[in-house]
Amino acid sequence: MRASTATETPAVTPAAPLDFDERLRLAVLAVDARIDTRPLDLADVIRTPVEEPNLQPAAALAAVLRRARARILRDGWTTGHCRGQRAMCAYEAIRAEAANPAQAADATALLLDTIRREFPHAATVPAWNDEQRHPAVVLRMLDTAARAAEQRDIRLSKTTNNL
């Protein structure tokens, strides 16, 4: 007798179409299969801010502004650029009291920001200073800028062209 060599193949029934949730689960599994699961080296991800040398702490800026105010009270206030006199404008007082040009630029930028809240037309600190008729407003703006630096604990960088 001869054995039958034909094998029976089971009947294949087409799969029912997948609904949206099933397709979504399969898509999530496919994405998960592609994700790299090696341990993450946090040293490659977490970076601490790099301290730039031209950033000035708020306390230092506030101190410069307060010293500039005290200098104007002591030596007098002026408009315009008057060489040879002790009296100074706000800009000159800040430059005289700052430890370096970056600190002077940051303090001046903070003062200009403070001035523009009350005098939006102010283009620069020297120009605004020259428009004033009495030192009281200048002294008040220096004091307000110093308080703002302390309260907000801000840090400014030397990026201003409006000195």
Side-chain angles (χ1 to χ4, degrees), residues 20 24-25 27-163:
F20 177 76
L24 185 59
R25 278 193 288 273
V28 168
L29 289 173
V31 169
D32 286 346
R34 293 182 192 165
I35 294 176
D36 187 6
T37 58
R38 287 177 288 166
L40 183 62
D41 183 10
L42 293 179
D44 290 337
V45 178
I46 299 174
R47 304 240 194 280
T48 58
V50 176
E51 188 68 31
E52 296 181 28
N54 64 344
L55 291 180
Q56 304 297 325
L61 294 179
V64 169
L65 292 163
R66 291 195 191 289
R67 287 194 309 268
R69 183 182 187 283
R71 181 179 279 253
I72 289 173
L73 280 172
R74 182 186 69 230
D75 297 340
W77 170 77
T78 187
T79 59
H81 188 70
C82 302
R83 290 200 183 271
Q85 295 181 359
R86 287 181 54 159
M88 294 185 173
C89 70
Y91 177 67
E92 291 171 326
I94 289 172
R95 286 183 50 196
E97 294 298 331
N100 54 54
Q103 192 177 55
D106 288 350
T108 303
L110 178 57
L111 178 59
L112 183 60
D113 182 52
T114 304
I115 290 168
R116 284 182 174 162
R117 290 177 189 192
E118 192 171 327
F119 303 93
H121 69 280
T124 65
V125 170
W128 174 83
N129 183 86
D130 291 348
E131 293 172 358
Q132 304 311 306
R133 298 293 166 240
H134 194 272
V137 177
V138 176
L139 296 171
R140 182 171 53 84
M141 287 292 128
L142 285 165
D143 189 49
T144 302
R147 278 186 282 130
E150 292 169 344
Q151 291 171 354
R152 290 186 280 167
D153 191 29
I154 60 168
R155 294 176 148 261
L156 295 173
S157 64
K158 184 181 171 189
T159 58
T160 182
N161 292 326
N162 295 328
L163 302 178

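Owing to the predicted nature of the structure, the values given are computational and were not obtained by experimental measurement.
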Exercise. Which heavy atom in Trp77 sits nearest to a heavy atom in Cys89, and how many Å separate them?
Worked result: CD1-CA, 4.3 Å
Exercise. What are the two closest non-hydrogen atoms of Ala146 and Ala62, and how far apart are they?
Worked result: O-CB, 3.6 Å
Problem set entry | Polar side-chain atom of Arg95 near backbone of Ala104 as donor-acceptor pair, under 3.5 Å | no
Exercise. Just by distance, do the side chain of Gln132 and the backbone of Trp128 share a donor-acceptor pair under 3.5 Å?
Worked result: yes
For this session: Search all heavy atoms of Ile94 against all heavy atoms of Ala107 and return the closest pair with its distance.
Result: CG2-CB, 3.8 Å
Exercise. Closest approach of Leu112 and Ala123, non-hydrogen atoms and distance?
Worked result: CD2-O, 3.9 Å
Problem set entry | Spacing of Arg140 atom CZ and Asp143 atom CG [to the nearest 0.5 Å] | 10.0 Å
Exercise. What's the verdict on side chain to side chain contact (heavy atoms under 4.5 Å, CB included) for Gln103 and Asn100, showing C-alpha distance, side-chain angles and the deciding distance?
Worked result: CA-CA 5 Å; Gln103 192 177 55; Asn100 54 54; 3.3 Å; yes
Problem set entry | Intermediate values then yes/no, side chain to side chain contact (heavy atoms under 4.5 Å, CB included), Phe119 and Val137 | CA-CA 11 Å; Phe119 303 93; Val137 177; 3.9 Å; yes
Seminar exercise, completed: Of all heavy-atom pairs linking Leu139 and Ile72, the shortest is CD2-CG2, 3.7 Å
Problem set entry | Candidates Ile115, Thr114, Asp113 - the one meeting side chain to side chain contact (heavy atoms under 4.5 Å, CB included) with Arg117 | Asp113
Problem set entry | Closest approach of Leu110 to Ala145 (non-hydrogen atoms, all atoms of both residues) | CD2-O, 3.6 Å
For this session: Taking the side chain as every heavy atom from C-beta outward, state whether Arg25 and Leu29 have any pair of such atoms under 4.5 Å apart.
Result: no
Problem set entry | Main-chain N/O of Thr78 paired with Asn129 side-chain donor or acceptor, under 3.5 Å | yes
Problem set entry | Sole residue of Arg69, Arg66, Arg71 in salt bridge (charged side-chain N to carboxylate O under 4.0 Å, His left out) with Glu97 | Arg71
Problem set entry | Glu92 side chain vs Met88 backbone, donor-acceptor pair below 3.5 Å | no
